[in-house]
Amino acid sequence: MSQTINVLFLAAEADPFIKVGGLGDVAGSLPRALRAISTDDLKLDVRLVLPYHPAVKADGIKPLGMFSIPRGQTEIQVEAFETVLDGMPVYLINGDPIRANGSVYSLDSKLDAEKYTFFSLAANELPKHINWLPDVIHANDWHTAASIYVSLTKRWEEGARHVAGMITLHNLPFMGPDISAILESYGVKLAQTDLPDWARVMPLPLGLWASDAIVAVSPTYGNEILEQEYGCGLDEFLKIRRETLSGILNGIDVASFNPLEDSALGVNFDSDSLEKRPVNKGLLQERLGLPRDPDIPLLAMVSRMDIQKGVDLALTALKSMKNLNFQAIILGTGDPKLEEAAMNIHKAFPEKIKVETRYDAGLARQIYAGSDMLLMPSRYEPCGLSQMIAMRYGCVPVVRAAGGLNDTVRNGETGFVFEKPHHMSLMASVKSAIIVYGDKEKWKKMQLAGMAQDFSWQNSAKQYLALYQSLIKK
Ligand code: GLC
């Protein structure tokens, strides 16, 4: 007998419609990967729902209809749109709270609170209007977490049908603003929870509290958040929910990130033609205005400029290594202070260290294909995608043993791993990498070991499927 599992997949961003960070990569790939592992016996009907941010770009978006959700004495209009991505229905939700907020994430937390609470409520109502009912609502991060909470309270208060709820955690510290007053204005009561007091007004903790399953984006991160150091005040609560918490490693889009076909590269290559790779290094050095030298180790960072990513540690380490023979490129935007600190290092060593403070997907690909080492000294890293892309492109990662970095890079085999979030530890690791780099045979072996890793979405999709099945059985 064939079975179908309907999954309503909610996210604030998803590639190719709109992408700000790693969440966009995951929400763009995972739903399609899940549909792709459907069989004749088991069909996964995963449908993606996104806010219709003003910046969303896509062809073929059609209006689907309007409905309203009550708020106090008035009603708020929900405009639903529809499009298709590789055969997957995608719904876009619009309305005043979404229009009022120009960017995907606002610096004004009030705007974000209004926008994402509205989105979460509207997404919950959507299935009724499209004649398709989910078995599972799968939310991601704080932005959509309130939908899991609302779904549970509706079941309790209005006897709505049972829908399993789950949240994937991409970044625990971001729990969202206080939305208690907004929820109340929509008629949603704050339940008695076993959450700490400060947390019971925020969308992520409320969603986690109501979830049947919680997934961290790597097994190590799933364990780390049970500790005080990484638990952000929810570690005790998460320990109580340990049975429902698991870690599933993200994948990367291996079709898009394929050095053999990537059109952003000067020369394509794979593990059978690794000898072509240095051409990309020369082109990159030229593009950056660095001396063209195949033998000088070229270090790279492709990262949001965020304290999470340890950009400051990397800057201090590079400065302390100034007498060594290396080149470095740092690409990324974010915290203006970190951008400025990076620019200062570039000014101090202009012929050695280059800094590009912008988002540039093409340059990022050229960096993966042309540089020798990728530095990721993250203070915490739920999963991390860059280290996986780097390995696929023959660039050897130097990472801190945190979260997904710990689960994807093997010290001395596919990369270099250090423990302490300190520039001295990073520096020691980079120095060992530079020594191995001097031994061409050893280095090549490491590059090939990284390139041979399977980081495709298939593995993760199978684990999510098993989880959906277990939730439905309950
Ligand atoms: C967040 C995390 C990052 C993870 C990504 C996708 O951006 O910081 O570690 O890879 O989400 O899950």
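Residue indices begin at 1 and follow the sequence shown. Everything numeric here is computed off the predicted structure, so don't read it as measured data.
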With a 6.0 Å cut-off (strictly less than), is the heavy-atom count around [atom1] of [X], excluding the residue itself, greater than 12?
X	atom1	result
Glu227	CD	yes
Lys239	NZ	yes
Leu107	CG	no

About how many Å separate [atom2] of [Y] and [atom1] of [X], when rounded to the nearest 0.5 Å?
X	Y	atom1	atom2	answer
Phe119	Tyr52	CZ	OH	13.5 Å
Lys462	Leu34	NZ	CG	12.0 Å
Asp178	Arg200	CG	CZ	11.0 Å
Asp253	Asn258	CG	CG	10.0 Å
Lys115	Ser106	NZ	OG	8.0 Å
Cys383	Ile248	SG	CD1	11.5 Å

Test side chain to side chain donor-acceptor pair (under 3.5 Å) on Ser456 and Asp454 and set out the steps. CA-CA 6 Å; Ser456 64; Asp454 178 5; 2.7 Å; yes

Counterpart residues, side-chain hydrogen bond (donor to acceptor under 3.5 Å, both in side chains), relative to His423 (two or more places apart):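 In terms of side-chain hydrogen bond (donor to acceptor under 3.5 Å, both in side chains), with neighbours along the sequence ignored, His423 is linked to no residue.
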
Give a yes or no on whether a salt bridge exists between [X] and [Y], defined as a side-chain N under 4.0 angstrom from a carboxylate O.
X	Y	result
Glu125	Lys154	yes
Glu413	Lys445	no
Arg304	Asp306	yes
Arg241	Asp194	yes

Nearest heavy atoms of [X] and [Y], plus distance in Å:
X	Y	result
Ile18	Ala55	CD1-CB, 3.6 Å
Ala113	Ile179	CB-CG2, 4.0 Å
Asp112	Val104	OD1-O, 4.1 Å
Ser460	Gly251	OG-N, 3.7 Å

Would you check if [X] and [Y] make a side-chain contact, meaning some heavy-atom pair closer than 4.5 Å?
X	Y	value
His143	Leu23	yes
Tyr393	Leu265	yes
Trp457	Asn250	yes
Tyr368	Ser386	yes
Leu234	Leu208	yes
Glu114	Asp96	no
Met301	Met376	no
Leu190	Leu183	yes

Distance-only check: which donor-acceptor pairs under 3.5 Å involve side-chain atoms of residues 134-142, not counting sequence neighbours?
| unit_1 | atom_1 | unit_2 | atom_2 | d |
| --- | --- | --- | --- | --- |
| Asp135 | OD2 | Asn6 | N | 2.7 |
| His138 | ND1 | Tyr468 | OH | 2.7 |
| His138 | NE2 | Thr168 | OG1 | 2.7 |
| Asn140 | OD1 | His170 | NE2 | 2.9 |
| Asn140 | ND2 | Leu10 | O | 2.9 |
| Asp141 | OD1 | His170 | N | 2.8 |
| Asp141 | OD1 | Asn171 | N | 3.4 |

[X] side chain to [Y] backbone, donor-acceptor under 3.5 Å:
X	Y	value
Arg71	Tyr186	no
Ser432	Ala428	yes
Arg379	Gln308	no
Glu13	Val20	yes
Gln387	Gly384	yes
Ser218	Tyr221	yes
Ser371	Ala300	no

Using the rule given for side-chain contact (heavy atoms from CB on, under 4.5 Å), can you reason through Asp312 versus Ile307, listing the C-alpha separation, both sets of side-chain angles and the distance that settles it, and then say yes or no? CA-CA 7 Å; Asp312 53 321; Ile307 200 85; 3.8 Å; yes

I'd like to know whether Val49 forms a side-chain contact (heavy atoms from CB on, under 4.5 Å) with Leu8, so could you lay out the CA-CA distance, the side-chain angles of the two residues, the decisive distance to 0.1 Å, and finally the verdict. CA-CA 7 Å; Val49 193; Leu8 191 69; 3.5 Å; yes

Residues in ring-ring contact (aromatic ring centres under 6.0 Å, His included) with His53, at least two apart? none

Expected list for residues 357-365: side-chain donor-acceptor pairs under 3.5 angstrom, two or more places apart:
| unit_1 | atom_1 | unit_2 | atom_2 | d |
| --- | --- | --- | --- | --- |
| Arg358 | NE | Asp360 | OD2 | 3.2 |
| Arg358 | NH1 | Glu356 | OE1 | 2.5 |
| Arg358 | NH2 | Asp360 | OD2 | 2.8 |
| Asp360 | OD1 | Gly362 | N | 3.2 |
| Asp360 | OD1 | Leu363 | N | 2.9 |
| Arg365 | NH1 | Ser256 | O | 3.0 |
| Arg365 | NH1 | Asp262 | OD2 | 2.8 |
| Arg365 | NH2 | Ser256 | OG | 2.7 |

Taking the six-membered ring for Trp, are Trp209 and Tyr149 parallel (under 30°), tilted (30 to 60°) or perpendicular (over 60°)?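 Answer is tilted, since the angle falls between 30° and 60°.
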
Below 3.5 Å, can you tabulate the donor-acceptor pairs from side chains in residues 41-48 to any protein atom, sequence neighbours excluded?
| unit_1 | atom_1 | unit_2 | atom_2 | d |
| --- | --- | --- | --- | --- |
| Asp45 | OD1 | Arg35 | NH1 | 3.0 |
| Asp45 | OD1 | Arg47 | NE | 3.1 |
| Asp45 | OD2 | Arg47 | NE | 3.4 |
| Asp45 | OD2 | Arg47 | NH2 | 3.1 |
| Asp45 | OD2 | Trp132 | NE1 | 3.0 |
| Arg47 | NH1 | Tyr91 | OH | 2.9 |

Taking distance alone, no hydrogens or angles, what donor-acceptor pairs closer than 3.5 Å link side-chain atoms of residues 76-88 to residues at least two apart or in another chain?
| unit_1 | atom_1 | unit_2 | atom_2 | d |
| --- | --- | --- | --- | --- |
| Glu79 | OE1 | Arg99 | NH1 | 3.2 |
| Glu79 | OE2 | Arg99 | NH2 | 2.9 |
| Thr83 | OG1 | Gly60 | O | 3.3 |
| Asp86 | OD2 | Arg32 | NH1 | 2.9 |

Stepwise side chain to side chain donor-acceptor pair (under 3.5 Å) test for Thr220 and Asp407: CA-CA 7 Å; Thr220 296; Asp407 294 330; 2.5 Å; yes

Audit row: Met166, Asp212, side-chain contact (heavy atoms from CB on, under 4.5 Å) steps and yes/no: CA-CA 6 Å; Met166 60 174 282; Asp212 298 297; 5.9 Å; no

Residues Leu426, Val398; criterion side-chain contact (heavy atoms from CB on, under 4.5 Å); working and verdict: CA-CA 8 Å; Leu426 167 62; Val398 181; 4.2 Å; yes

